[in-house]
Amino acid sequence: NAGVTQTPKFQVLKTGQSMTLQCAQDMNHEYMSWYRQDPGMGLRLIHYSVGAGITDQGEVPNGYNVSRSTTEDFPLRLLSAAPSQTSVYFCASSYGSGANVLTFGAGSRLTVL
Amino acid sequence: AQSVTQLDSQVPVFEEAPVELRCNYSSSVSVYLFWYVQYPNQGLQLLLKYLSGSTLVKGINGFEAEFNKSQTSFHLRKPSVHISDTAEYFCAVGDSGNTPLVFGKGTRLSVIA
C-alpha cells in the first residue's frame, strides 16, 4: 500500500517555465488537496477536490491549475513559474474533509530561479 | 471562517522536561481538531484528533491534548520529551461541512540534550 505518492521530489525551474507536480493515491480517497509550505507561513491550501471532476480553489490558487479526471490522480500545474513559487509542495488525501484524517505525501521541493 | 493560532513559533525544551504547545481556534460551528507532526524532511502525519466525546485525547508517542470549548483551545502536552520529538507540530481545525482543514503556522519543537 503506497499511500500518497508525489513526483518529482526535487525540481529546479527557470522563471517562465511550466511543469506539473504529480500526485497519486491508492486508498480510494475521494478528497485530495495541494498545500504549499513556506517558512513561517505554515501550510497554505492551493486547490482541493472532493471527487473526480470536481475541483475548487483554496487560499493561494493564483498561478496554479489542477484537474481531477480520476479518483487516484490530482496533478498540480504551474503555468509560468515565478520565484515566489519556490516552496515545498504537499499533496494530501482523505475519505472526505472535515473529520477525516489526511494522509500526506512526502513532498516536492521546487526551486524557481 | 475558521482560523487557527499557534501561539509559539519555536519552543526549545530540555530532554525529559514537560512541554505544552498552544493552539487556539476560531470557528462558529462544531469543530474537529487535529495535531499533526512533521519530522525533518518528511510529510505530515497524524498525532491525535478530537472529534467528540472525552475532551482529553491521547495520541501517539505519549502526547495528549485537551479540548477546551470555553477557551477555544486545543493545547498539546507531553510530560517528558525525548530528542526524537524534535519536529514541527501543526494544529488544524475542520468542521462538519465539506470544507478543507485549516492549519496553523506550526510550532517548531527543539529538544535539547
Side-chain angles (χ1 to χ4, degrees), chain A residues 2-7 9-10 21 23-25 27 29-51 54-61 66 68 74 87-109, chain B residues 1-10 21-25 27-53 57 59-60 67 74 87-109:
Chain A
V4 177
T5 303
Q6 290 183 234
T7 56
K9 292 191 185 306
F10 301 95
L21 298 177
C23 176
Q25 53 91 8
M27 297 170 285
H29 284 170
E30 289 294 321
Y31 179 85
M32 296 186 74
S33 53
W34 277 102
Y35 291 88
R36 59 178 289 174
Q37 183 179 23
D38 303 290
M41 302 297 289
L43 288 166
R44 293 183 292 170
L45 182 67
I46 305 171
H47 285 284
Y48 66 100
S49 168
V50 298
I54 306 169
T55 64
D56 207 344
Q57 295 181 353
E59 179 185 357
V60 288
V66 291
R68 185 93 181 270
F74 191 44
S87 187
V88 181
Y89 292 84
F90 287 99
C91 180
S93 72
S94 67
Y95 286 110
S97 55
N100 291 276
V101 176
L102 286 170
T103 299
F104 281 83
S108 297
R109 183 175 295 274
Chain B
Q2 301 162 347
S3 66
V4 176
T5 302
Q6 292 186 241
L7 296 161
D8 305 296
S9 59
Q10 297 187 58
L21 306 183
R22 297 179 292 169
C23 172
N24 286 90
Y25 67 92
S27 175
S28 60
V29 298
S30 297
V31 296
Y32 306 115
L33 293 157
F34 305 81
W35 277 99
Y36 284 82
V37 59
Q38 183 182 32
Y39 298 106
N41 300 312
Q42 295 186 25
L44 281 73
Q45 62 186 81
L46 182 72
L47 199 57
L48 51 78
K49 62 183 177 183
Y50 170 80
L51 303 182
S52 65
V57 179
I60 61 171
F67 170 57
F74 191 55
E88 189 146 19
Y89 293 78
F90 291 93
C91 183
V93 62
D95 63 28
S96 55
N98 215 11
T99 54
L101 281 186
V102 174
F103 284 85
K105 293 187 188 297
T107 297
R108 184 172 299 277
L109 174 65

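In the text below, chain A, chain B and the rest are named by the order of the sequence lines, each starting its count at 1.
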Problem set entry | A/Arg44 CZ: over 12 foreign heavy atoms closer than 6.0 Å | yes
Problem set entry | Shortest non-hydrogen contact between B/Gly43 and A/Phe90, atoms and distance | CA-CE2, 3.5 Å
Seminar exercise, completed: When the 4.5 angstrom heavy-atom criterion is applied to A/Gln37 and chain B, the contacting part is side chain
Exercise. Using non-hydrogen atoms only, which part of B/Leu44 is less than 4.5 Å away from chain A: side chain, backbone, both, or neither?
Worked result: both
For this session: Identify which part of A/Asp38 has an atom lying under 4.5 Å from any heavy atom of chain B, answering side chain, backbone, both or neither.
Result: neither
Exercise. Looking at NZ of A/Lys9 and CG of B/Asn41, how far apart are the two atoms once the value is rounded to the nearest 0.5 Å?
Worked result: 11.0 Å
For this session: Return the minimal non-hydrogen interatomic distance between A/Gly42 and B/Phe90, and the atom names on each side.
Result: CA-CE2, 3.9 Å
Exercise. Where the side chain of B/Tyr36 meets the backbone of A/Leu102, is there a donor-acceptor pair that is under 3.5 Å apart?
Worked result: yes
For this session: Pick one of side chain, backbone, both or neither for B/Gln6, based on which atoms fall under 4.5 Å of a heavy atom in chain A.
Result: neither
Exercise. Is there a side-chain contact between A/Tyr48 and B/Leu101, using heavy atoms and a 4.5 Å cut-off?
Worked result: no
Problem set entry | Top of B/Ala92, B/Gly94, B/Pro100 for chain A proximity - count of heavy-atom pairs under 4.5 angstrom | B/Pro100
Problem set entry | Under 4.5 Å from a heavy atom of chain B, the part of A/Leu43 involved | both
Exercise. Quick one: of A/Gly40, A/Ala92, A/Ser33, A/Gly107, who has the most non-hydrogen atom pairs under 4.5 Å with chain B?
Worked result: A/Gly40
